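Everything numeric in this text was worked out from a predicted model, so none of it was measured.
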Amino acid sequence: MGKFFGTDGVRGKANQDLTPAFAFTLGQAAALVFRDEDQKGKIVIGGDTRISSGMLGAALAAGICSAGMDVMMLGTIPTPGVAVLSRHLKARAGAVISASHNKFADNGIKFFTGSGSKLSDDLENALESKIEELQNNPARLPKITGEQIGRLEYFDKSCDVYAGQLRQKLPLNLSGLKIILDTANGAAYQVGPELLRSLGAQVLTIGAQPDGCNINAGCGSTHPEQLMAAVIAHQANLGIALDGDADRMLAVDETGSLLDGDCILAIFARHLKALDQLPHNLVIATIMSNVGLRLSLAELDIEVKEAGVGDRYVLEMMEQTGAVLGGEQSGHLIFTNINSTGDGLGSALYLLKALKESGQPLSRLKTVMKPVPQVLLNVPVSSKEGWQEDKEIGEAIKSAKAKLGNEGRILVRASGTESLLRVLAEGPDKQEIASLVNNIATVITSRVG
């Protein structure tokens with residue numbers, strides 16, 4: 001991670017850490033990095049429903065235009081939709097204004113290349129260097145005047161194009177299915193229900209009334225309890241939970257039980273292998289994935305390789321190995337036959353495809369995954385720096401590992417997007433690992449909380 005970019009773009013509290021002034025400078029830097037020397041080219045910008053997304057999107061667009069590139073505003077659209085529109089509109093890059101699953105007061109800016117891929121480390125480093133250059137010496141920006149100034153235009157069919165591409169790749173007939181869809185009061189609040197209904201499903205919604213301040217609030221993939229209850233109350237076939245920018249997806253089976261990203265990944269892998277569409281019998285997961293995923297897929301002769309945490313690292317390993325399927329326990333699921341990035345609605349459609357073609361309820365499909373007991377606790381901290389050198393935290397982790405021995409594992413890591421340390425434990429006894437996690441969390445709070 002650099003000075004400005006974390007594991008998923010720039011993040012911070014809107015108008016405090018992430019200001020319009022910074023967004024303007026970032027826009028200028030992006031134009032200088034992505035601009036084609038022979039022609040202006042354009043950058044597309046989409047965002048979620050946060051109250052600050054319009055403000056930051058306007059500032060970013062102004063910066064881009066002031067540095068001589070055109071901007072096409074896409075409006076409210078899921079993050080994977082920006083990847084699709086980057087390709088469709090032949091843009092030099094795409095930008096997303098969103099803080100994903102974070103609370104509404106936070107926001108972020110991340111970029112895709114013109115092909116819809118996350119930026120490489122080299123491109124992010126180039127942006128970082130250009131931002132610092134402009135902050136230290138604004139006069140270094142070329143003087144853009146007259147017809148050289150970028151044009152700002154609006155594309156009002158962005159969600160139609162995105163949904164149309166998903167329907168083209170997964171032309172399903174969902175008639176007879178009752179689905180509860182939780183869009184987290186986020187970017188998919190319109191396109192999500194419309195897409196599923198256009199395929200014939202009966203759709204009831206949760207979290208589809210954004211007001212700018214209720215994104216992810218008690219709903220979506222980070223708070224699925226309401227969805228779990230609704231599936232049972234309405235006797236639905238399943239529930240789908242997205243996050244604020246709809247690049248994550250979790251599911252709820254007909255009994256009201258939650259399926260995390262690991263379980264859904266296992267269902268996808270089994271389905272693709274049965275169709276002989278899983279190259280190299282390989283799936284990419286992360287170090288946070290439940291060990292049960294690897295053990296369950298090993299029974300099907302499917303190998304699971306672990307990437308670093310973050311969907312960009314999953315995608316990088318997929319590209320290196322030729323894998324077409326990868327993802328994270330959090331619900332970031334990447335299936336390159338559908339999109340070049342995590343796609344919550346695309347993943348939902350593929351899960352529905354597996355459900356329809358199997359003729360089995362989701363509660364049966366999920367048995368392909370046999371999870372090992374796992375406990376994950378997010379511990380708020382005042383700073384994510386220096387905790388690895390803290391002697392008391394180190395001793396607490398060492399002691400927990402010693403108690404588990406070879407029967408489990410302990411993993412502590414800093415979040416790439418929030419001021420949190422994530423403490424994860426796996427082992428045969430859930431009560432024991434919960435106690436170990438709580439002990440480590442208590443020490444962390446006392447030392448760096």
Exercise. Between Asp343 and Tyr162, do the side chains contain an N or O donor and an N or O acceptor separated by less than 3.5 Å?
Worked result: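 Note: Asp343 and Tyr162 side chains meet the donor-acceptor criterion.
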
For this session: Scan side-chain atoms only and decide if Ser221 and Asp243 contain a donor-acceptor pair under the 3.5 Å cut-off.
Result: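 No - no donor-acceptor pair under 3.5 Å links their side chains.
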
Exercise. Less than 4.0 Å between a side-chain N and a carboxylate O, is that true for Glu328 and Arg248?
Worked result: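 Salt bridge absent between Arg248 and Glu328.
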
For this session: Output, in order, the C-alpha distance, side-chain angles, deciding distance and verdict of side-chain contact (heavy atoms from CB on, under 4.5 Å) for Glu418 and His101.
Result: CA-CA 10 Å; Glu418 300 174 85; His101 60 283; 3.1 Å; yes

For this session: List for me each residue that meets ring-ring contact (aromatic ring centres under 6.0 Å, His included) alongside His88, sequence neighbours excluded, and say none if there are none.
Result: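 ring-ring contact (aromatic ring centres under 6.0 Å, His included) check on His88 returns nothing, list empty.
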
Problem set entry | Flag, side chain of Asp70 to backbone of Arg151, donor-acceptor distance under 3.5 Å |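 Flag set: sc Asp70 to bb Arg151 pair under 3.5 Å.
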
Problem set entry | Backbone of Ile149 reached by a side-chain donor or acceptor of Lys40 within 3.5 Å |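 A pair under 3.5 Å: yes.
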
Just checking [X]: does its [atom1] atom have more than 12 heavy atoms from other residues, nucleotides or ligands closer to it than 6.0 angstrom?
X	atom1	value
Arg197	CZ	yes
Gln209	CD	no
Leu377	CG	yes
Lys398	NZ	no

Problem set entry | salt bridge (charged side-chain N to carboxylate O under 4.0 Å, His left out) contacts in which one or both residues fall within residues 83-103, not counting sequence neighbours |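 For residues 83-103, and leaving out neighbouring residues, the salt bridge (charged side-chain N to carboxylate O under 4.0 Å, His left out) pairs sorted by first residue read Asp36-Arg92.
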
Exercise. From Met318 CE over to Ile284 CD1, what is the distance, rounded to the nearest 0.5 angstrom?
Worked result: 7.0 Å

Exercise. Who pairs with Lys42 by side chain to side chain donor-acceptor pair (under 3.5 Å), at least two apart in sequence or on another chain?
Worked result: none

Exercise. Does the pair Leu199 and Arg167 meet the rule for a side-chain contact (heavy atoms from CB on, under 4.5 Å), with working shown?
Worked result: CA-CA 8 Å; Leu199 296 170; Arg167 278 193 298 266; 3.9 Å; yes

